[in-house]
Amino acid sequence: MITQNIVFIGAGNMARALIAGLRLQGVTGEQIQVHAPSIVHRDALAEEFGIRSLPAAAQRLPTNSVVIYAAKPKQISSVLALWRQVFADAGVLFLSVAAGVGSARIAAELDAGSAIVRSMPNTPAQVGAGATALYARDSVNTAQRQTAAAIMSSVGQIYWLSDELLMDAVTALSGSGPAYVLLFLEALEDAAVLQGLDRPTARALALQTVLGTAQMAAASVLSPTELRHQVTSPGGTTAAGLAAWEEHLRPLAQRALAAAAERSRALGGAKKDVP
Ligand SMILES: NC(=O)C1=CN([C@@H]2O[C@H](COP(=O)(O)OP(=O)(O)OC[C@H]3O[C@@H](n4cnc5c(N)ncnc54)[C@H](O)[C@@H]3O)[C@@H](O)[C@H]2O)C=CC1
Ligand SMILES: O=C(O)[C@@H]1CCC=N1
C-alpha cells in the first residue's frame with residue numbers, strides 16, 4: 001500500500017495518466033498534490049481526481065514524500081532551482097519521468113546526495129496497464145527504491161534498468177510506443193474503410209484485434225513468431241497480407257526507434273532551459 005505524500009510537478013498528459021492510475025489503485029486524493037504554473041491546468045486535475053492543487057513550489061515536505069517531475073524536459077533546470085531546497089531532506093525522493101534527462105544532470109542541479117530515480121512510464125498507466133522502466137542512483141536507499149517501485153507498479157508493469165544509457169531505447173519503445181500502436185490502429189481502420197466497412201465497425205474490429213492479440217501473446221508461452229504462424233495458412237489470406245507488411249515493417253520499426261532514441265539523447269543534452 002502506498003502511504004507516502006506524492007507531489008506532481010506538471011499537470012499535463014503524463015501527470016494525468018499517473019494520477020488516474022494511482023487513484024484507481026486506491027491512493028487517496030489527500031495524498032496527492034499537483035503543481036503547475038497554470039491554475040487552469042492544476043485545478044482541472046485537482047477537480048477531476050479530488051487531489052490537492054499546489055500554487056507554488058513547496059519549501060518543505062514531510063519526510064518520505066515523493067516528488068514526481070512530470071513537466072517538459074526543457075523546463076527541468078528552472079524547476080529544480082525552485083524546488084532544490086525540498087531535497088535537502090534526504091528522505092524526499094525525486095522521481096523523474098522526463099524523457100532524455102540523465103540522472104547525473106539532475107543530481108548536479110540538486111544536492112549531490114539527493115535521492116533520484118529516473119523513470120520512463122507510458123500513458124496506458126491511466127488504466128493500470130502501463131509499462132515503466134526505472135533507474136535508481138546509488139544515493140537511493142532500499143525503502144526509496146521500494147516506494148518508486150510501488151508507485152509505478154500500481155499503474156502497470158515495472159522493469160529496473162542497471163544501465164541508465166538504455167533509457168533512450170526504452171523511451172523509443174515503450175514511452176513513445178502507445179502512439180505507434182494508435183497510429184497502427186488508425187491505419188488499419190482507414191484501410192478497412194477502403195475495403196468497404198463502415199468506420200465504427202472498422203474501428204471496433206481493429207481495436208479488438210490488437211487488444212485480443214496482445215492478451216493472447218501475454219497469456220501464451222509461445223513467441224510472437226510462433227503465434228503468428230498459427231494464424232498463417234500456407235497460400236491463405238494472412239500470407240498474402242503479411243507479404244506486404246514484411247516488406248516494410250521491420251526496417252520501418254528500426255528507423256522509428258532509432259529516430260526516437262536519438263531525440264531522447266538530444267532532449268537530455270541541453271543544460272540550460274530552452275524557450
Ligand atoms: N506523454 C507521454 O506519453 C509521456 C511523457 N513523458 C514525460 O512526461 C513529461 C510531461 O509530458 P506531457 O505530460 O506529455 O507534457 P504536457 O505538455 O502535457 O504537460 C506538461 C505540464 O507541465 C506544466 N508546466 C509547464 N511549466 C512548468 C513549470 N515551470 N513547473 C511546473 N509545471 C510546469 C504544464 O502546465 C503542463 O501541465 C515530459 O518530461 C515527458 O518527457 C514520459 C513518458 C510518456
Ligand atoms: O514524446 C515525448 O517526448 C514523450 C516521451 C515519451 C512519450 N512522450
Side-chain angles (χ1 to χ4, degrees), residues 6-22 32-49 51-58 67-84 86 94-103 105-106 109 116-127 129-135 148 151-152 155-159 161 166-183 256-270 272-275:
I6 303 171
V7 181
F8 280 86
I9 300 177
N13 292 311
M14 198 60 235
R16 188 180 178 283
L18 290 171
I19 292 166
L22 288 167
I32 305 175
Q33 287 173 280
V34 61
H35 167 71
S38 157
I39 186 172
V40 177
H41 287 184
R42 60 172 194 267
D43 282 6
L45 283 192
E47 198 170 317
E48 182 176 2
F49 295 107
I51 62 176
R52 291 183 288 156
S53 171
L54 187 63
V67 177
I68 300 184
Y69 182 81
K72 291 293 190 192
K74 67 183 180 186
Q75 289 147 350
I76 199 163
S77 292
S78 59
V79 170
L80 291 179
L82 290 175
W83 287 74
R84 196 168 179 272
V86 160
F94 185 82
L95 176 53
S96 172
V97 305
V101 183
S103 69
R105 177 177 156 199
I106 299 169
E109 297 187 21
I116 299 162
V117 172
R118 179 178 169 193
S119 71
M120 180 44 56
N122 63 12
T123 53
Q126 64 192 274
V127 291
T132 303
L134 295 149
Y135 172 81
I151 288 173
M152 292 307 188
V155 295
Q157 300 296 318
I158 66 161
Y159 309 85
L161 299 180
L166 295 175
M167 203 55 103
D168 298 312
V170 165
T171 303
L173 174 60
S174 52
S176 300
Y180 312 153
V181 175
L182 292 162
L183 179 62
L257 265 68
E262 180 54 32
R263 182 66 191 136
S264 173
R265 285 185 281 272
L267 283 174
K272 293 270 175 258
D273 289 355
V274 184

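Just so it is clear, the values below take in all heavy atoms, side chains as well, and ignore hydrogens, waters and symmetry mates. Counting from 1, the numbers follow the sequence of the chain as shown. Just so it is clear, the structure is predicted and the values come from calculations on it, not from any experiment. For ligands, and for the atoms within them, numbers begin at 1 and follow the listed sequence.
Within 4.0 Å of ligand 2, protein heavy atoms come from A99, G175, S176.
With a 4.5 Å cut-off on side-chain heavy atoms, F94 and V117 do not count as touching. Residues I106 and S96 are in side-chain contact: their nearest non-hydrogen atoms beyond the backbone lie under 4.5 Å apart. Taking the side chain as every heavy atom from C-beta outward, L45 and R16 approach each other to under 4.5 Å. Between Y135 and S103 the shortest side-chain heavy-atom distance falls below 4.5 Å. Considering only heavy atoms from C-beta on, L173 comes within 4.5 Å of L257 through its side chain.
Closest to atom 3 (O) of ligand 1 among all protein heavy atoms lies T123 CG2, 3.4 Å. Considering only non-hydrogen protein atoms, atom 8 (O) of ligand 1 sits nearest to V97 CG2, 3.4 Å. The single protein non-hydrogen atom nearest to atom 23 (C) of ligand 1 is G10 CA, 3.9 Å, given as residue, atom name and distance. The protein heavy atom nearest to atom 18 (O) of ligand 1 is N13 N, 2.9 Å. The nearest heavy-atom contact from the protein to atom 27 (C) of ligand 1 is P37 CD, 3.3 Å. The shortest contact between atom 11 (O) of ligand 1 and any protein heavy atom is with K72 NZ, 4.0 Å. In terms of protein heavy atoms, atom 36 (C) of ligand 1 is closest to H41 ND1, 3.6 Å.
The contact set between ligand 1 and G12, taken as ligand atoms under 4.0 Å from a residue heavy atom, comprises 13 (O), 16 (P), 18 (O), 19 (O), 21 (C), 36 (C), 37 (O). Counting the atoms of ligand 1 from 1 in the order shown, those under 4.0 Å from a heavy atom of V79 are 28 (C), 29 (N), 30 (N). If you number the atoms of ligand 1 from 1 as listed, the ones under 4.0 Å from a heavy atom of A98 come out as 39 (O), 41 (O).
Between Q157 and T132, the side chains place no donor N or O within less than 3.5 Å of an acceptor N or O (distance only, hydrogens not considered). Between T171 and R263, the side chains place no donor N or O within less than 3.5 Å of an acceptor N or O (distance only, hydrogens not considered).
Closest heavy-atom approach to atom 25 (C) of ligand 1 within the set M14, Q75, M120: this belongs to Q75. Nearest residue to atom 20 (C) of ligand 1 from A70, P124, P73 is A70 (criterion: closest heavy atom). The option from A179, A71, S38, A99 that lies nearest to atom 39 (O) of ligand 1, judged by heavy atoms, is A71.
Side-chain atoms of R118 come within 3.5 Å of backbone atoms of V101 as a donor-acceptor pair (strictly under, hydrogens ignored). Judged by distance alone, the side chain of E47 and the main-chain N or O of A44 form no donor-acceptor pair under 3.5 Å. Side chain of S38 to backbone of H41: a donor-acceptor contact under 3.5 angstrom is found.
Taking only nitrogen or oxygen atoms, main chain and side chain alike, I9 does not reach within less than 3.5 Å of ligand 1.
The nearest pair of heavy atoms linking M14 to V97 is CG-CG2, 4.2 Å. Considering all non-hydrogen atoms of both residues, I151 and L22 come closest at O-CD2, 3.9 Å. Of all heavy-atom pairs spanning P73 and A99, the tightest one is CG-O, 3.4 Å.
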